[in-house]
Asks: 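One structure coming up, written as structure tokens, with questions to follow.
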Protein chains: 2
Amino acid sequence: MHTQANAFNSDAFNTSHNHEHCVNAALLSAKTLCRDRGQRLTPVRELVLRLIWQSHQPLGAYELLPQLAEAGFNSAPPTVYRALDFLQELGLIHRIASMNAFIGCSHPDEAHPNAFMICRECKSAAELDTAELKSALSAAAGALGFQIEQESVELMGLCQHCREAAK
Amino acid sequence: MHTQANAFNSDAFNTSHNHEHCVNAALLSAKTLCRDRGQRLTPVRELVLRLIWQSHQPLGAYELLPQLAEAGFNSAPPTVYRALDFLQELGLIHRIASMNAFIGCSHPDEAHPNAFMICRECKSAAELDTAELKSALSAAAGALGFQIEQESVELMGLCQHCREAAK
DNA sequence: GAATTGGCGTTATATTATAACAGTACACTT
DNA sequence: AAGTGTACTGTTATAATATAACGCCAATTC
């Protein structure tokens with residue numbers, strides 16, 4: 001599971017992998033995390049997490065609502081936003097501000113900056129490996145005396161797959 | 001003027017400087033840019049640019065509306081959004097997605113990533129110098145075959161000024 | 001088993017952004 | 001200077017995203 005997590009979800013741009021595996025890994029990881037922190041992964045929360053993970057594309061809150069309704073849950077905005085907030089606080093999903101959308105986090109157990117590449121063609125988003133990035137950010141900010149508490153990096157462009165397809 | 005621009009607006013965290021000077025520099029730069037590109041810096045556009053530049057804190061579209069009204073302009077959302085879009089396209093302002101707000105760009109004449117530090121205490125935002133950052137981003141993305149077209153970096157934290165004040 | 005807490009249902013509303021169309025000013029041609 | 005096209009603005013309406021507030025129920029604690 002951890003090997004997969006460390007792939008930093010670059011597989012997101014490769015739609016051919018067995019994604020059900022990823023979803024299950026994420027759910028397992030969520031359950032562990034909740035148990036450790038004395039939090040509850042309730043049915044709504046679990047469903048929201050599953051829906052978000054199932055998609056390689058960031059999903060908007062209002063895209064989730066009909067799917068909640070289908071599953072028999074209340075489908076008013078507060079329900080889904082609460083679940084999203086909860087999952088974010090646990091680091092299980094990230095919000096992509098430039099898209100008003102949410103995507104699964106591929107390594108919730110490690111502290112890390114929120115850093116994504118988003119393909120304008122296929123709309124997939126993949127998390128960046130940020131070891132070096134983080135130090136570059138710290139250096140740049142530190143030079144100006146700024147103390148970083150939270151990072152958000154969103155790169156728009158073309159993924160390898162779509163670049164090749166465009167040729 | 002250019003010296004000031006190259007300071008990358010780190011002065012934003014220092015509210016004591018003569019900010020009217022910055023605003024005027026920005027307006028001048030805007031006029032030049034518009035002339036070069038055959039675009040018009042109309043009164044609404046100029047006012048919006050001025051209002052945004054006057055503030056060290058990112059301003060939301062709806063915060064601008066009453067000020068437009070005061071100046072005798074139409075103050076419906078489309079008016080301000082049109083001006084904001086125009087100014088963004090010319091690189092004169094940036095949108096900070098995580099805040100749904102806009103801030104003046106301190107070096108509109110150079111191509112550069114959208115990269116800001118935002119202080120959670122004083123809400124000021126300052127543009128990052130991104131030469132090294134840019135190469136770190138390119139390296140990280142390139143390793144995964146991703147071709148960057150547009151960057152957005154938003155760092156939240158504490159600016160030097162507020163950090164010292166907190167001690 | 002009473003009290004407390006956390007989570008959800010529900011209604012209403014706030015906030016941010018855009019669509020669509022009509023009118024006006026400007027720039028260009030002749 | 002009149003005609004013509006284009007870019008800009010005014011205006012109304014509405015879409016899209018997000019939160020406030022309150023009450024109920026279930027689980028947990030004492």
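If you're wondering where the values come from, they're calculated on a predicted model, not measured in any experiment. Below, chain A is the first sequence line, B the second, and so on; all start at residue 1.
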Asks: One pair to check against side chain to side chain contact (heavy atoms under 4.5 Å, CB included): A/S152 and B/S98. What are the steps and the verdict?
Replies: CA-CA 9 Å; A/S152 161; B/S98 61; 5.6 Å; no
Asks: Apply the side chain to side chain contact (heavy atoms under 4.5 Å, CB included) test between B/R45 and each candidate in B/L47, B/L49, B/V48, B/T42; give the one that qualifies.
Replies: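 Only one option passes, and that is B/T42.
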Asks: Would you jot down, in residue-number order, the residues of residues 81-98 of chain B having a non-hydrogen atom under 4.0 Å from DNA chain D?
Replies: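 Residues of residues 81-98 of chain B under 4.0 Å from DNA chain D: B/R82.
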Asks: In Å, rounded to the nearest 0.5 Å, how long is the span from CD of A/E46 to NZ of A/K31?
Replies: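 The CD atom of A/E46 sits 4.5 Å away from the NZ atom of A/K31.
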Asks: For the atom pair OG (B/S124) and CD1 (B/I103), what is the distance rounded to the nearest 0.5 Å?
Replies: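 That separation rounds to 7.5 Å.
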Asks: Both B/N100 and B/V44 contact DNA chain D. Which one's nearest nucleotide lies toward the 5' end?
Replies: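 Nearer the 5' end of the strand: B/V44.
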Asks: Quick one, which residues of residues 61-80 of chain B touch DNA chain D with a heavy atom under 4.0 Å?
Replies: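 Correct list: B/N74, B/A76, B/P78, B/T79.
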Asks: Would you check, one step at a time, whether the test side chain to side chain contact (heavy atoms under 4.5 Å, CB included) holds for A/Q160 with B/L144?
Replies: CA-CA 7 Å; A/Q160 185 157 38; B/L144 298 173; over 6 Å; no
Asks: If the threshold is 4.0 Å, N to carboxylate O, is there a salt bridge linking B/R50 and B/E20?
Replies: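 Looking at B/E20 together with B/R50, the answer is yes, because their closest N to O distance falls below 4.0 Å.
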Asks: Reading DNA chain C 5' to 3', which nucleotide is the first, and which the last, to come under 4.0 Å of any heavy atom in chain B?
Replies: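 Taking any atom under 4.0 Å from a heavy atom of chain B, the span is C/dT16 to C/dC26.
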Asks: Take nucleotides 24-30 of chain D nucleotide by nucleotide from the 5' end and write B, S or -, depending on whether a protein heavy atom sits under 4.0 Å from the base, only from the sugar-phosphate, or from neither.
Replies: -------
Asks: Using whole Å, what does the distance between atom P of nucleotide D/dA7 and atom CZ of B/R45 come to?
Replies: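 Rounded to the whole Å, the gap is 11 Å.
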Asks: Just wondering, are more than 12 heavy atoms of other shown residues or ligands nearer than 6.0 Å to CD in A/Q54?
Replies: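 Check passes, neighbour count above 12.
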Asks: How long is the straight-line distance from CG of B/L33 back to CG of B/L28, given to the nearest 0.5 Å?
Replies: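 If I round to the nearest 0.5 Å, the distance is 11.0 Å.
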Asks: Would you mind writing out the side-chain donor-acceptor pairs for residues 77-97 of chain A within the sub-3.5 Å range, not counting sequence neighbours?
Replies:
| residue | atom | partner | partner atom | Å |
| --- | --- | --- | --- | --- |
| A/T79 | OG1 | A/N74 | ND2 | 2.7 |
| A/H94 | NE2 | A/H112 | NE2 | 3.0 |
| A/H94 | NE2 | A/E127 | OE2 | 3.3 |
| A/R95 | NH2 | A/N100 | OD1 | 3.0 |

Asks: To check you understand the geometry: which heavy-atom pair defines the closest contact between B/A125 and B/I118, and what is its length?
Replies: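 Closest pair (atom of B/A125, atom of B/I118, distance): CB-CG1, 4.0 Å.
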Asks: Can you name the residues that form a salt bridge (Lys or Arg N to Asp or Glu O under 4.0 Å) with A/E164, not counting sequence neighbours?
Replies: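 Here no residue qualifies.
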Asks: Please name the pair of heavy atoms, one in A/F73 and one in A/P43, separated by the smallest distance, quoted to 0.1 Å.
Replies: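 The answer is CZ-CB, 3.7 Å.
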Asks: Can you measure from CZ (B/R163) to SG (B/C119) and round to the nearest 0.5 angstrom?
Replies: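 Taking CZ in B/R163 and SG in B/C119, the distance rounds to 10.0 Å.
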